[in-house]
Amino acid sequence: MATVGKDIGAILGFVDTIQTVQLGGDQVADAGKNNVFRDDAVQALPASHDLIEAAPLHQDHFVKVPKVIE
Amino acid sequence: MHNKLKNGETTVAALVAEYVDRAKASDLNAFREIFADADIAAQVAIAQNMFADGTATAMTGMPIALKDNILFAEHTVSGSSKILEHYVASYDATVVTKMKAAGAVIIGRTNMDEFAMGSSTENSAYGPSKNPHDTTKVPGGSSGGSAAAVAAGLCVVAFGSDTGGSIRQPGAFCGIVGLLPTYGSVSRHGLIALGSSLDVIGPMAHTVADAEAFYTAFKGQDQYDSTSVAETSTRPLKKKLAMPKNIFGNGGLDPELEKNFKDLLEKLKGEGYTIDEVDLPHFADSLAVYYILMPAEVSSNLARLDGIRYGDRAASTSINDVYGDTRGALFGIETRRRILVGTYVLSHGYYDAYYNKAIALRATIRAELENALQQYDAILTPTTPTPAFGIGEKVNDPVSMYLSDLFTVPANIAQHPAISIPSGKSTAGLPFGVQFIGPRFGEAVLFELGKTIENIR
């Protein structure tokens, strides 16, 4: 973990260079606010049977996963 | 090769057997797995039928390989990680569906840096691949196994994925063509996600013509990938190229690589191209932006690997221990580094300073590239600052490793296409590559430029 911590410090030190880049205040404040929306309209969804069939393991219309707690 | 199959000079079975035998005999560790003989034979039979009934295409019968992060139904796909060592894909990636329909023969899955995080394949949980030109050197990464396989003649074309240069950089290191298609032009359905706003599947091939043929066959909008689109750009070539200022003279380029690049500039001018140095003020900031956005997206995408739904699980007695012990034991060190960095830059108190700032800078970088490409056909750079480095040379210095992506990352940040073309070799026999970054959906421009390089180098 000490090695990983040192590496992460070096990586963050490297990416910290963006703090020296001057951008307009609005550019940062607006960052991520442009989103892509689709129309709020009813669309056909895949049949639930097909979704269940796509799971690696399934049984009786349920997705099957290994037990977590014995 | 296609003509020989069509004319009956050889058969699909004979052609595929030749490549499979070479792949099995190779010690490059390019392949994680060569598929079972019965599996390959079934694909060969389909291809042979397509020649018999006249439906064969240029892809039919061609032995190809998939990077170990592209899902192929009923086959193990591991991302070259221990955590997915026994994971069997339950569906085909869209590109695989298209290749099967075209009659290509998928002979195996290739080695890569774990979950596509790396530039050398040294982060693979199954050992590094070797560069066919010098087996003491890396083939590059993360699609290093694919690059080595094509360069060594173990398959005709290999599929890779490119998030920050992972097709182009190994393409340059191994002396083959590597295409980063426009983000959205190829479906990501069935690609194990690394950075969802950056990942693109692309071809790695010996020639631009082969890369073009395969790209044309597997591109296109896909109902299973809502980020995929069907656009193409058909603008004519102006024979005007741009080069970012300050590439030379700061000691960052290998001297022989720099000379090769400068010689190529003169050859391009001899073909009637003008090459202008242009100011792209934030081009060099792309690397820092990338190493904020990509780990952020990785920390989200790899959260699904929790020992519950996919892959292997460490034995533990509580749910939190299952998560921690599984991920701690089965993720490699670079994967853990990037998840931790990504979680940090998304955390409260740091989100604005890192992630939001990187998003804003990303938009600026993209605007600068697009502005330059209004006047120029493409932006020209070396693909990498150096030829292939030695195995073990940079593996313990992550930042030094990241710097090999200096020229490739801007195209991913801007979501533009780019191609790496072999441009020569060092006196030690190590390949160099030159890169063109083109307009969005302007792959046709890149193919034309690439063919020019193939003719003049």
Side-chain angles (χ1 to χ4, degrees), chain A, chain B residues 73 87-91 223-224 226-227 281-282 284-285 287-293 295 306-313 315-319 322-323 328 333-334 336-338 340-341 344-345 350-365 396-400 402-403:
Chain A
M1 271 311 290
T3 308
V4 173
K6 179 169 155 277
D7 292 340
I8 289 171
I11 296 165
L12 290 172
F14 171 69
V15 301
D16 253 340
T17 54
I18 69 161
Q19 307 308 341
T20 62
V21 177
Q22 299 299 317
L23 292 173
D26 287 347
Q27 281 177 281
V28 178
D30 290 344
K33 286 187 182 168
N34 293 323
N35 209 340
V36 177
F37 294 98
R38 63 169 185 260
D39 291 339
D40 186 15
V42 172
Q43 292 179 346
L45 291 175
S48 60
H49 170 78
D50 292 338
L51 293 173
I52 300 285
E53 287 288 317
L57 289 171
H58 53 87
Q59 181 181 318
D60 300 333
H61 204 66
F62 291 99
V63 174
K64 200 169 170 182
V65 297
K67 264 190 190 173
V68 175
I69 300 170
E70 296 293 336
Chain B
Y87 171 71
V88 177
S90 55
Y91 64 95
Q223 61 170 330
Y224 296 119
S226 59
T227 63
H282 297 98
D285 295 322
L287 206 54
V289 167
Y290 177 77
Y291 279 103
I292 291 170
L293 296 181
D306 55 10
I308 304 297
R309 289 160 292 174
Y310 309 105
D312 293 1
R313 177 195 297 172
S316 295
T317 53
S318 76
I319 187 70
V322 166
Y323 294 152
I333 188 164
E334 183 63 23
R336 283 181 274 150
R337 279 187 200 117
R338 295 200 193 187
L340 288 167
V341 168
Y344 180 88
V345 302
Y350 298 101
Y351 189 97
D352 275 336
Y354 287 104
Y355 186 76
N356 263 353
K357 183 86 182 266
I359 289 275
L361 195 41
R362 179 179 199 174
T364 301
I365 291 164
N396 294 320
D397 185 352
V399 174
S400 169
Y402 299 166
L403 287 171

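All values below were derived from every heavy atom in this structure, side-chain atoms included, with hydrogens, water molecules and symmetry-related copies excluded. Just so it is clear: chains get the letters A, B, ... in the order the sequence lines come, proteins before strands, and each one is counted from 1.
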Of the backbone (N, CA, C, O) and the side chain (C-beta and beyond), which part of [X] lies under 4.5 Å from a heavy atom of chain A, both, or neither?
X        : value
B/Tyr290 : neither
B/Ile333 : side chain
B/Ala353 : both

How close do B/Ala288 and A/Ile18 get, heavy atom to heavy atom, and via which atoms? CB-CG2, 3.5 Å
Shortest non-hydrogen separation from A/Asp16 to B/Tyr354 and the atoms involved: OD1-OH, 2.8 Å
In this structure, CZ of A/Phe14 is separated from CG of B/Leu403 (nearest 0.5 Å) by 5.0 Å
For the interface with chain B, which of A/Leu12, A/Thr20, A/Thr17 has the highest count of heavy-atom pairs at distances below 4.5 Å? A/Leu12
What residue, out of B/Val289, B/Val345, B/Leu287, has the most heavy-atom pairs lying under 4.5 Å from chain A? B/Leu287
